[in-house]
Structure formats: structure tokens, C-alpha cells
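Dropping a structure here in C-alpha cells format, bear with me for questions.
Start at 1 with the first residue, then count along the sequence.
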Amino acid sequence: MALEHALLVSLSERAGSGYELAHRFDKSIGYFWSASHQQIYRVLKRMEESGWVTVESVIQQGKPDKKVYSVAPAGRAELTRWIAEPTPSTPARDELGVKIRGAAYGDIAAVCAEVERHRGEHAARLDEYHRSEKKFFPVPDQLSGTALHQYLVLRAGIRAETGYVEWCDEVLHALRPRKGEPSP
């Protein structure tokens, strides 16, 4: 996937300025496709040059004009084409997994500390996802269209984070010495 496609999805949901898109990105699509604000602005310019988005200047009092981007017909066609295209399965790349595999060659206590840190980050993200689920999708069985699609992606995030937290707990249980047992 190119950043262009993530931006087309976001702009299809709601037009916005580069600034608004960057903040929206940080709170939604950014959980599974990261991009800096500078990248977003560069790609929006390229999308405008390609005719995928249109730009409307909005005059602001005491500030520079704001550029509001919308999906153009060519952008909608590209998004439709891309959505229909097969998506390759991407192999997991997890540096922590390699560290755990090599734990016997290093400091197991340090590996456990790193696993705990990762667990904390994933648990915090899981809590954030659960808060979003309650706030934005209180009655999920009544969803349809865009709201249903957003909910399904959020559920994937919840399941992934739940699995990661559980895996970290499993690793910590297996690597930490138990009373009366030597360290692994």
C-alpha cells in the first residue's frame, strides 16, 4: 500500500486540510500505517499533481489560507482499483522475537525487562482501542457502511493487541525463574 491510498481512504471519509489529515491519521489510520506530517504534505502535493485530489483555498482571519483537499474522480477510480487489487500477506518482522530466540546468549533479565516494556506499550494501546470502541461504536451490531468498516479494523487492532499482551505474559512466565528452580 502506498501512503496515497491511505490518504484517499481518509479523504473519502471526510475532506480536510493537510493539518487535519495529519491529526486524523495520528488517531486512526496511523495505528497501522505510519507517516510523518511532512510525508503527508509531500504526498498530497503529488496527488494533486496526479489529479487524484482537488484543493480548495479557504480564507482564514489572521492566518494563511487553508488548503482543503477532496477526492477527485480520478482519485476515486484509483481507490476503487486499489481496493480490488489482491493484497499480499506481509510476514511479521519483530525484533523482540529475535531477542527472545537469542536470550540464552545474553542477559535473560534484560530480555524480560524488554518484554515487560513491550507488554506495557501493547496494553496501553489495547486500553485506548477499547475506549475508542466504547465511545464510537457502542452498538456494533447496528453498524453498516463506513462505520462498520472502521469498527472491523478497530476489532482487528484489539485482537492483535490482546494476542501480543497474552504472548508477552507467556514469555515472561516461561523465562522468569520460579521458586526452587534454576534460571532457564
Q) Do Tyr41 and His37 have ring centres separated by under 6.0 Å? A)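 Distance test on ring centres: not under 6.0 Å, no.
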**Q.** Charged N-O contact under 4.0 Å between Arg125 and Glu121
**A.**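 Salt bridge flag = no for Glu121 with Arg125.
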(Q) Check for me, please, whether Tyr151 and Tyr129 land in the same ILVMFWY cluster - side-chain distances under 4.5 Å, paths through other members count. (A)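 Tyr151 and Tyr129: one cluster.
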Q: Measure across Cys168 and Arg119 and return the closest heavy-atom pair with its distance rounded to 0.1 Å.
A: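 Nearest heavy atoms, Cys168 then Arg119: CB-CB, 3.7 Å.
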Q: Determine whether Glu114 and Leu96 make a side-chain contact, defined as any pair of heavy atoms from C-beta on separated by less than 4.5 Å.
A: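 Yes; the side chains approach each other to less than 4.5 Å.
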Q | Geometric class of the Tyr164/Trp167 ring pair [parallel <30°, tilted 30-60°, perpendicular >60°] | A |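 The arrangement is perpendicular - the two ring planes meet at more than 60°.
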Q: Measure the shortest side-chain to side-chain distance between Leu11 and Leu44 over non-hydrogen atoms and say whether it is less than 4.5 angstrom.
A: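 With C-beta onward as the side chain, the pair touches.
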Q) Would Asp141 and Leu143 satisfy side-chain contact (heavy atoms from CB on, under 4.5 Å), going step by step from the backbone distance to the final call? A) CA-CA 6 Å; Asp141 59 339; Leu143 297 172; over 6 Å; no
(Q) Return the CD to CG distance between Gln39 and Leu7, rounded to the nearest 0.5 Å. (A)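 If I round to the nearest 0.5 Å, the distance is 10.0 Å.
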Q.
With a 3.5 Å distance limit and no angle check, can you tell me whether Glu161 reaches the backbone of Ile158 through a side-chain donor-acceptor pair?
A.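 It does not hold such a pair.
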Q. For the hydrophobic clusters of this structure (ILVMFWY residues joined by side-chain heavy atoms under 4.5 Å, transitively), does one cluster hold both Phe137 and Leu152?
A.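 Cluster IDs for Phe137 and Leu152 match.
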Q: With side-chain contact (heavy atoms from CB on, under 4.5 Å) as the test, would you mind laying out the steps for Ser12 and Arg76 before giving the verdict?
A: CA-CA 8 Å; Ser12 292; Arg76 181 112 19 241; 3.1 Å; yes
Q. Do Leu175 and Val111 pass the side-chain contact (heavy atoms from CB on, under 4.5 Å) test, and can you show the C-alpha distance, the side-chain angles, and the key distance before you say yes or no?
A. CA-CA 9 Å; Leu175 292 183; Val111 172; 4.2 Å; yes
Q: Mind listing the closest non-hydrogen atom pair of Val68 and Ala15 along with its distance?
A: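 Scanning both residues completely, I find the closest heavy atoms to be CG1-CB, 4.1 Å.
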(Q) If you count every heavy atom of other residues, nucleotides or ligands that lies below 6.0 Å from Arg117 atom CZ, does the total exceed 12? (A)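 Yes - once you tally the heavy atoms of other residues, nucleotides and ligands closer than 6.0 Å, there are more than 12.
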Q: Nearest 0.5 Å please: distance from the OG1 atom of Thr146 over to the CZ atom of Arg14.
A: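 Going from OG1 on Thr146 over to CZ on Arg14, the span is 12.0 Å.
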Q: Tell me whether Leu8 is reachable from Tyr19 by hopping between hydrophobic residues (I, L, V, M, F, W, Y) whose side-chain heavy atoms are closer than 4.5 Å.
A: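 Per the 4.5 Å side-chain linkage, Tyr19 and Leu8 are not co-clustered.
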**Q.** From Leu172 atom CG to Cys112 atom SG, the distance as rounded to the nearest 0.5 Å
**A.**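 Leu172 atom CG to Cys112 atom SG measures 5.5 Å (nearest 0.5 Å).
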With a 3.5 Å cut-off and sequence neighbours excluded, list the donor-acceptor pairs that the side chains of residues 47-56 form with protein atoms.
unit_1	atom_1	unit_2	atom_2	d
Glu49	OE2	Lys45	NZ	3.4
Ser50	OG	Arg46	O	3.1

Q.
Could you measure the distance from the CD atom of Glu4 to the CG atom of Leu79? Nearest 0.5 Å is fine.
A.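 Nearest 0.5 Å value for the CD-CG distance: 12.0 Å.
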Q) Can you tell me how far CG of Leu126 sits from OG1 of Thr162, rounded to the nearest 0.5 angstrom? A)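 If we round to the nearest 0.5 Å, Thr162:OG1 and Leu126:CG are 4.0 Å apart.
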Q: Quick one: pull up CH2 in Trp82 and CD in Glu78 and give me the separation to the nearest 0.5 Å.
A: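 Trp82 CH2 to Glu78 CD: 9.5 Å, rounded to 0.5 Å.
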(Q) Minimum heavy-atom separation for Ile40 and Ala35, please, with both atom names. (A)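 Closest heavy-atom pair between Ile40 and Ala35: CG1-CB, 4.1 Å.
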Q) With the threshold set at 4.0 Å, does a side-chain nitrogen-carboxylate oxygen contact exist between Arg155 and Glu133? A)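 A salt bridge is present here (some side-chain N lies under 4.0 Å from a carboxylate O).
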(Q) Between Lys67 and Ser17, is there a side-chain heavy-atom distance shorter than 4.5 Å? (A)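 Answer no - side chains too far apart.
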